Amino acid sequence: MTNSEKQQYIDARREYIESQFSHLNPKQREAVMATEGALLILAGAGSGKTTVLINRIANLMRFGHASDSDVLPAGASPSDVDVMRSGGKQADLFAALEPVMPWRILAITFTNKAAEELKNRLQMMLGDAARDIWASTFHSCCVRILRRDAARIGYPDNFTIYDTSDSQSLIKQIMKDLNIDEKRFAPRAVLAEISKAKDQEISGQDYLQTYRKMGDQWHATIGEIYIEYVKRMVSVGAMDFDDLIANTVKLLDANEESRRYWAGKFQYVMIDEYQDTNNLQYRLAALLSSEWHNICVVGDDDQSIYRFRGATIENILSFEQQYKGARVIRLEENYRSTKHILEASNAVIRNNRGRKGKELWTRADEGEKLQLYSAMNENDEAQYVAARILEHYSQGRRWKDHAILYRMNAQSNQMENACKRNGIPYRIIGGTRFFDRAEVKDMVAYLAVLNNPEDDLRLTRIINNPPRGIGAKTVETATELARRDGVSLFSVIDNVRMYPELDRSAGKLAQFTTLIKELDTLRQNLPLNQFYEELMVRTGYASMLESKNTVEDRTRLENIRELLTSINGYLENAGDQPSLAGFLDEIALYTDLDNHDADQDCVVMMTMHSAKGLEFPVVFVVGTEEGIFPGTRAIGEPEEMEEERRLCYVAMTRAKEKLFLTCANQRMLFGRTSANRPSRFVEEIPSEHLERAGRTFLDRSSDWDGGIPSRSSGYESSYGSYGTYAARSPYDQRPQFRGSATGQSGFSTSFTRAMGSGNPAPSGGAYAPQRPKHTLASSGVKSAQAAAPDFKKGDMVKHKAFGQGMILSVQKMGGDALVEIAFDNVGTKRLMLKSAASHMTKV
DNA sequence: ATCATAACGCTTTTT
DNA sequence: GCGTTATGAT
């Protein structure tokens, strides 16, 4: 072909491929078609980043590197050009240039959920071929690599994975053995420090030496713990989360053969959420792309929220320096949020320095202004949120359209209660994970010991659980003997006869090892699920729980049975070769986020961190107060503060249509009541995007800059805007409270007391005395109480959210009552009367 | 050895 | 306020 024919071929090919991605915007398409070399995609919130990733993979599998190459396929002829131009059936054939095999594509995400979503969407688009794409998290990718190559770095291939609490137990043990005071060295902090050192690839020896030289005793001690920690981890064949990545990096670094194998395998490497990678993850990405040099990273520097665990925003800020010749594509069109939401978010994040700088825009409508509700206290705040949700529900929204986001898991309680008493179905994501429950950990420990008997930590956990007369003293001596002889704990108790020191408990220990061996035989001969049922019985764990028969033990029993469900789930998915080891891997890397089932019609509650990557029509960001969000730790620390602000940006940009921000003037947290001013982030939102309700604390006239305001100044300043609050209060829709600002506070107060949630303030307590008398503080309380007895058994009612129904029963509970109502459409619900009354009328 | 009670301290955020 | 752990009693 002539040069011009060649050019025509290339142009026609590019045009054809472009036409296959015409549903994307130009920037997105550019990112999809730039397949070769290093590529940084700066993808703002809601800019369709997953879509780009998926289409990019589709492009690779369909067309190979054709969209980004001037190479012609062998046997190309001018007539092919016409086929491509016409877009006929054969066009793909001529346009494709070495299509990429799915298993040569690696797409790394941050969470299992994101990986799962990626897999699902790929499968929808590409069919079964998508199954072979390596779409996984950093951690599970490393597990897969290490399961093959662990021997090369001195680990058994059945190595065990320790989660954070396992690691912490080990740290505690070590500190006990080394006589280190837990008060001066918080195990948490020690672990964090070790993790940091690992991320920097500093060995225990180097760490210790450096700090010894500097005369830094505190760090030197940590160095000692670090060394011992690594030693014990290796000796029991365990890796923690950091080790999974660190050891993979070590492997690829030190073992040329391994590196060539893995880096040679992955022709295209893609990393999502690149702004959240730490040094080790950066290194891993570099190593895995070191043969083909096709690395595409996607991220948003404004959404970097994992600095606390070593994520360095530098990775994304300096990508272009690290990968010479890298291309950069910015995706700035937002498809998620309305203008008010987006511009408010932009305004907040603009206060950060140290960012690449980017302004999201949208074609969407103005939408509604953000709502700021300044509540009296945490109960009032929760009640406000619940009331809004009920209101939306009655207007036709689904429960699952709503998300409640908070800074820390501890805040979920009040919200949970508010949902409960209003009959709102909800789900909490995160918090104590299922696999963190003691009884589940116990059962998992049995499994872990069977999988790897060297696992001393797990062995000590279960050796006397359920109680079998093996006391702490016995375990202690056995552990010492094991250490003395350099063998595992299991081998000591397995050979009790050789240890006269253990004479007295030899019988009990022998019984235990017999049990373990029996179980091991069963394990080899039964499918995993059946084996597990045997395990529950033979260990005596199930009967231990059954015999006690308390409510807690009942749930515990349910929980260990629930583990069976997990096993069955694993067996269904594992396909090829299910194994105990495989199951343990899976649950070690599992988090509660993963089973967030978007189909369930429930209000979702989670931390702002967990919310990353999700979107909801209605979002409530609660607890927007100085000291909570931003947290105390961030105040006075510019870097931390920027991280908090990014978190705020993440939280705000989750909302598609409605965004509510709430704060409380007074809040009980950790058993202490405190008065916080509203978050600075809220003040950073231009007022044209904001509507305020509640006791607005935001008038800048007040003089609280000196820190926490004195009681009286705080309440006085809030008082000035009280009228506004009354007019906008959701409660002014309730006839019995209309026109009375204090009606609501009285309601809250009496409610708080009724629920016995421990507000130490007496009725009309801490804040009431500051109130002028004419505000009817007491009559507000009365009206709340008067409202309650209006509903009685047999009454027909109409509820704003649930429609018509009949009251089945009214049960007095404290100053409130529990009503059971059979609704015509949504079934029977149990509601707290005082909350429900405001949404109900008699018919 | 196991149970009960009391003191403790502690809260970011997650793989 | 919570759950965890240290202590002492049975």
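Bear in mind that the values here come from a model prediction, so they are computed numbers and not experimental data.
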Worksheet item: Given B:dT13, is OP1 or OP2 found less than 4.0 Å from the side-chain N or O atoms of A:Asn409?
Response: yes
Practice prompt. For B:dT14, take OP1 and OP2 only and decide whether either is under 4.0 Å from a side-chain N or O of A:Thr607.
Written response: yes
Discussion item. Between the base of B:dT15 and the ring of A:Phe110 - centre-to-centre under 5.5 Å, planes within under 30° - is that a stack?
Written reply: no
Worksheet entry | Nearest to side-chain heavy atoms of A:Pro467, which nucleotide of B:dT15, B:dT14, B:dT2 | B:dT2
Discussion item. Please pick, from B:dT13, C:dT5, B:dT15, the nucleotide with the shortest atom-to-atom distance to any side-chain atom of A:Phe308.
Written reply: B:dT13
Write down the distance between [atom1] ([X]) and [atom2] ([N]), rounded to a whole number of angstrom.
X	N	atom1	atom2	answer
A:Lys441	C:dG3	NZ	P	18 Å
A:Asp276	B:dT14	CG	P	12 Å
A:Met606	B:dT14	CE	P	11 Å
A:Leu244	B:dT14	CG	C1'	14 Å
A:Leu284	B:dT15	CG	P	18 Å
A:Asp199	B:dT14	CG	P	19 Å
A:Arg468	B:dT2	CZ	P	11 Å
A:Lys113	B:dT15	NZ	P	9 Å

Is there a donor in the side chain of [X] and an acceptor in the side chain of [Y], or the other way round, less than 3.5 Å apart?
X	Y	value
A:Tyr649	A:Gln303	no
A:Tyr155	A:Asp243	no
A:Ser165	A:Lys441	yes

Practice prompt. Show the numbers, then the answer: is there a side chain to side chain contact (heavy atoms under 4.5 Å, CB included) between A:Phe583 and A:Leu563?
Written response: CA-CA 11 Å; A:Phe583 176 67; A:Leu563 194 54; 4.2 Å; yes
Practice prompt. Would you mind classifying the nucleic acid contact of A:Gly631 as base, sugar-phosphate or nothing, using non-hydrogen atoms under 4.0 angstrom?
Written response: nothing
Discussion item. For a quick check of understanding: with a heavy-atom distance under 4.0 Å over all strands, which category does A:Glu273 fall into, base, sugar-phosphate or nothing?
Written reply: nothing
Item to complete: Would you mind telling me which residue lines up with the more 5' stretch of DNA chain B, A:Tyr306 or A:Ala472, judged by nearest nucleotide?
Response: A:Ala472
Worksheet item: Which residue, A:Ala410 or A:Asn464, contacts DNA chain B at a nucleotide closer to its 5' end, judged by nearest heavy atom?
Response: A:Asn464
Worksheet item: Can we say A:Arg458 and A:Asp166 salt-bridge, meaning some charged N sits less than 4.0 Å from an Asp/Glu carboxylate O?
Response: yes
Worksheet item: Would A:Lys49 and A:Glu273 pass as an ion pair if we require N to O under 4.0 Å?
Response: yes
Discussion item. Ignoring hydrogens and geometry beyond distance, is the side chain of A:Thr164 in donor-acceptor contact with the base of B:dT15 at under 3.5 Å?
Written reply: yes
Identify each atom pair where a protein N or O and an N or O of nucleotides 8-10 of chain B are less than 3.5 Å apart, giving names and distance.
none

Worksheet item: Quick one: does A:Val297's side chain get under 4.5 Å of A:Thr277's, heavy atoms only?
Response: no
Worksheet entry | Given A:Glu626, A:Glu625, A:Glu378, the one that forms salt bridge (charged side-chain N to carboxylate O under 4.0 Å, His left out) with A:Arg667 | A:Glu625
